[in-house]
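Reading through the structure tokens given below for one structure.
For the numbers below, each heavy atom of this structure counts, side chains included, while hydrogens, waters and symmetry mates do not. Bear in mind that the values here come from a model prediction, so they are computed numbers and not experimental data. Throughout, protein chains are lettered first and strands after them, A, B, ... in sequence-line order, and every chain is numbered starting at 1.
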Number of protein chains: 2
Amino acid sequence: MAGRQGTDSGAGDKVSSGAKRAGLDFPRPLTTVDVVIFTIRLEALQVLLLRRGHGEGEPFPDALALPGGFVDVARDADLEACARRKLAEKTGVVSPYLEQLGSWGSATRDPRGWSATHAYFALIPASAAETALAPDAQWFALEGAGVKPKLAFDHAEILQAAVQRLRNKVEYTSLPAYLMADEFTLPELQRTYEIVLDRPLEKSAFRTRMLSADLIEPINKQRKGPNRPAQLYRLKTAAAPVYFARTFNAPE
Amino acid sequence: MAGRQGTDSGAGDKVSSGAKRAGLDFPRPLTTVDVVIFTIRLEALQVLLLRRGHGEGEPFPDALALPGGFVDVARDADLEACARRKLAEKTGVVSPYLEQLGSWGSATRDPRGWSATHAYFALIPASAAETALAPDAQWFALEGAGVKPKLAFDHAEILQAAVQRLRNKVEYTSLPAYLMADEFTLPELQRTYEIVLDRPLEKSAFRTRMLSADLIEPINKQRKGPNRPAQLYRLKTAAAPVYFARTFNAPE
DNA sequence: TAAGTAAGTTGGACAGTACAACTAAGCATG
DNA sequence: CATGCTTAGTTGTACTGTCCAACTTACTTA
């Protein structure tokens, strides 16, 4: 039933007398936005988590949680702006890759009442992962049972969905490019893919795919190391990710 | 922006005296769920739309809109249950393919105030597309400029996102199987793919892909027509869709 | 019996990955 | 300065699955 409304109300929801209209004078769910922020640190995929406070009425005191919070109807023009705000507040990072992940809402996920969260996931380069980090924020590797320690709300589920979505898309997109610094070598990019996918990739197929995509371009510089120097590349367009027509190998 | 909900409500969110906790005693966005319901009718991909009423305070009177409405915190255990409820109310269909599409929220999408909708998309077989259809609901083909006539809210954008997501996934999944009747032939399945993708597919590659996937099984029956009869198949498991390792051809 | 149409098969060309061996360029060691 | 080690990058063959087109099969209609 597409709820009709009482008199209403624009922005201030006066409850019109006896009109029982769902949504306007019925209780509204809490609305939050959470952001799963990934980076690569120490050869591992890591997520930014916050230690929650323990003020009065605060659920899940001292637990770890994803960065996020209530939508501020006065400050946030839309959901994505809200997500960017929370991202910036916690990392100082301006505009990395940000994608909507999904939403989770139920009567029970927040002890304070029916609540729905809009989850986003962001990829930021390791170089930006340290700067201006909020004091209550910390990076956690998610290998094995690493981050399992119970997260607040249903954030463990959201995090798992984010990892799954990321792994899935890395299989056939150029998303890991957003985890790289401005300049990077092909072996570094491949390593990033391998860390996210948690499996080794074929060197020559990987190079063929990346080089034939309209994704990166060589710059006039090399990365010197103890061995043969590697050609440095940079992203061609800071724009949209590339979608490949296949996964790397049988997804099974 | 005024409107706090007085004392209220939900699962008991008492507002502690003077505590100014965002979200609890701050205004909450409206929360809705919308469902994009697809089927194949008359050799075309079609969507279910509703003609809105024109009661007092109703935004977008008489406009077309996606089926949906406010989350009912008393009846809906979670968002997906809410989506299934709305799906059932409008089509009578019980449990087709239902996937979360994303969420749209902003200060301006609903004239009544800051609102966020959780969008789902559903696939139902043509056979079920007629039964128990709500009186205000109607199927619309979305060829060319078919359904362009302005939809309420940002529903045009949501619909476009749904079509894009569907087309994308059809490229490398077995989603169209959920648009089929219980028994179907391979040419019928291929035709469904072609309708959704709006381009012809190669017969032999299509057959190879479908038959080598663990998706369908032949039944001991044939579809008789004016020409050579076709083998009938059914879905092996009513369960999860199959993901193929490639798209059908270069997506560009 | 012949023509027509759609179902289903077959085979060669092609694209991109899988696998493995190879060359290239730097460093460290003696 | 030659040798060996390590990583960057290339080459070539095998294989998988699509692309493309011709072919066979089965049934209807004239």
Side-chain angles (χ1 to χ4, degrees), chain A residues 43 170-174 176 180-181 183-195 197 199-234 242-252, chain B residues 43 170-174 176 180-181 183-195 197 199-234 242-252:
Chain A
E43 295 278 294
V170 164
E171 201 73 62
Y172 61 93
T173 68
S174 63
M180 309 303 293
E183 305 177 349
F184 54 87
T185 69
L186 273 180
E188 285 166 2
L189 182 58
Q190 180 174 350
R191 187 79 195 103
T192 299
Y193 269 86
E194 291 173 340
I195 288 169
L197 292 176
R199 77 165 190 270
L201 296 179
E202 282 307 313
K203 184 170 44 165
S204 70
F206 181 83
R207 297 178 69 92
T208 303
R209 173 183 287 205
M210 292 302 150
L211 290 174
S212 63
D214 189 37
L215 177 67
I216 58 178
E217 59 189 359
I219 61 177
N220 195 15
K221 211 162 29 161
Q222 295 190 328
R223 166 97 66 224
K224 309 246 182 238
N227 307 308
R228 174 173 174 173
Q231 176 64 48
L232 278 165
Y233 294 84
R234 68 174 165 218
V242 173
Y243 284 72
F244 303 103
R246 314 186 176 182
T247 58
F248 271 105
N249 56 15
E252 215 67 0
Chain B
E43 293 279 293
V170 165
E171 201 72 63
Y172 60 93
T173 69
S174 63
M180 309 303 293
E183 303 178 351
F184 55 89
T185 69
L186 273 180
E188 285 166 2
L189 181 58
Q190 179 174 351
R191 186 79 195 104
T192 299
Y193 268 85
E194 291 172 340
I195 289 170
L197 291 177
R199 77 166 189 271
L201 296 180
E202 283 308 313
K203 184 170 44 164
S204 69
F206 182 83
R207 296 178 68 91
T208 304
R209 175 184 284 206
M210 292 303 150
L211 290 174
S212 62
D214 190 36
L215 177 67
I216 58 178
E217 58 188 359
I219 60 178
N220 195 16
K221 214 168 14 168
Q222 294 189 327
R223 166 98 65 224
K224 309 246 182 238
N227 306 308
R228 172 172 176 175
Q231 176 62 49
L232 278 165
Y233 294 85
R234 68 173 164 218
V242 172
Y243 285 72
F244 303 103
R246 315 186 176 182
T247 58
F248 272 104
N249 58 12
E252 215 63 3

Nearest listed nucleotide, side chain of B:R207, among C:dG8, C:dG4, D:dT18: C:dG8

Using whole Å, what does the distance between atom P of nucleotide D:dT18 and atom CG of B:L201 come to? 11 Å

In whole Å, what is the span from the CG atom of B:L189 to the C1' atom of C:dG8? 15 Å

Nearest to the B:E202 side chain among D:dC19, C:dG8, D:dG9, which nucleotide is it? D:dC19

State plainly whether the residues B:R191 and B:E188 are in salt-bridge range, i.e. N to O under 4.0 Å. no

Do A:R199 and A:E171 sit within salt-bridge range, that is, some charged N less than 4.0 Å from a carboxylate O? yes

Expressed in angstrom and rounded to an integer, what is the separation of B:R191 atom CZ from C:dA6 atom P? 12 Å

If you find the nucleotide of DNA chain C closest to A:K224 and the one closest to A:T208, which residue's nucleotide is nearer the 5' end? A:T208

Can you figure out which of D:dT6, C:dG8, C:dT5 approaches the side chain of A:N227 most closely? D:dT6

Measuring from the side chain of A:R209 (C-beta onward, heavy atoms only), which nucleotide among C:dT17, D:dG9, C:dA18 has the closest atom? C:dT17

Here's a test of your reading of the structure: between B:L232 and A:G225, which maps to the more 5' nucleotide of DNA chain C? B:L232

Of all the heavy-atom pairs spanning B:P229 and B:Q222, show the shortest one and how long it is. CB-OE1, 3.5 Å

Shortest non-hydrogen pair, A:Y172 vs A:R246, comes out as CB-O, 3.6 Å

Could you state the CZ-P distance from A:F244 to D:dG17, rounded to the nearest angstrom? 21 Å

Without decimals, in angstroms, what is the distance between B:Q222 CD and D:dT25 P? 16 Å

Can you check the A:R223 CZ to D:dA8 P distance for me, whole Å? 11 Å

Ignoring hydrogens and angles, are the base of D:dA8 and the side chain of A:R228 linked by a donor-acceptor pair under 3.5 Å? yes

Taking the six-membered ring for Trp, are B:F206 and B:Y193 parallel (under 30°), tilted (30 to 60°) or perpendicular (over 60°)? perpendicular

B:M210 has an atom CE; how far is it from atom P of C:dA7, in whole Å? 16 Å

Closest to side chain of A:S204, choosing from D:dA26, D:dT11, C:dG11: D:dT11

Start at the 5' end of DNA chain D and walk down; is the nucleotide closest to A:K203 or to B:F206 reached first? A:K203

Picking from C:dT17, D:dA8, C:dA7, which would you name as closest to the side chain of B:A230? C:dA7

Which is true for B:S212 with a 4.0 Å heavy-atom rule: it touches a base, it touches only sugar-phosphate, or it touches nothing? nothing

Could you state the atom-to-atom distance from OH of B:Y172 to P of D:dG17 in whole Å? 19 Å

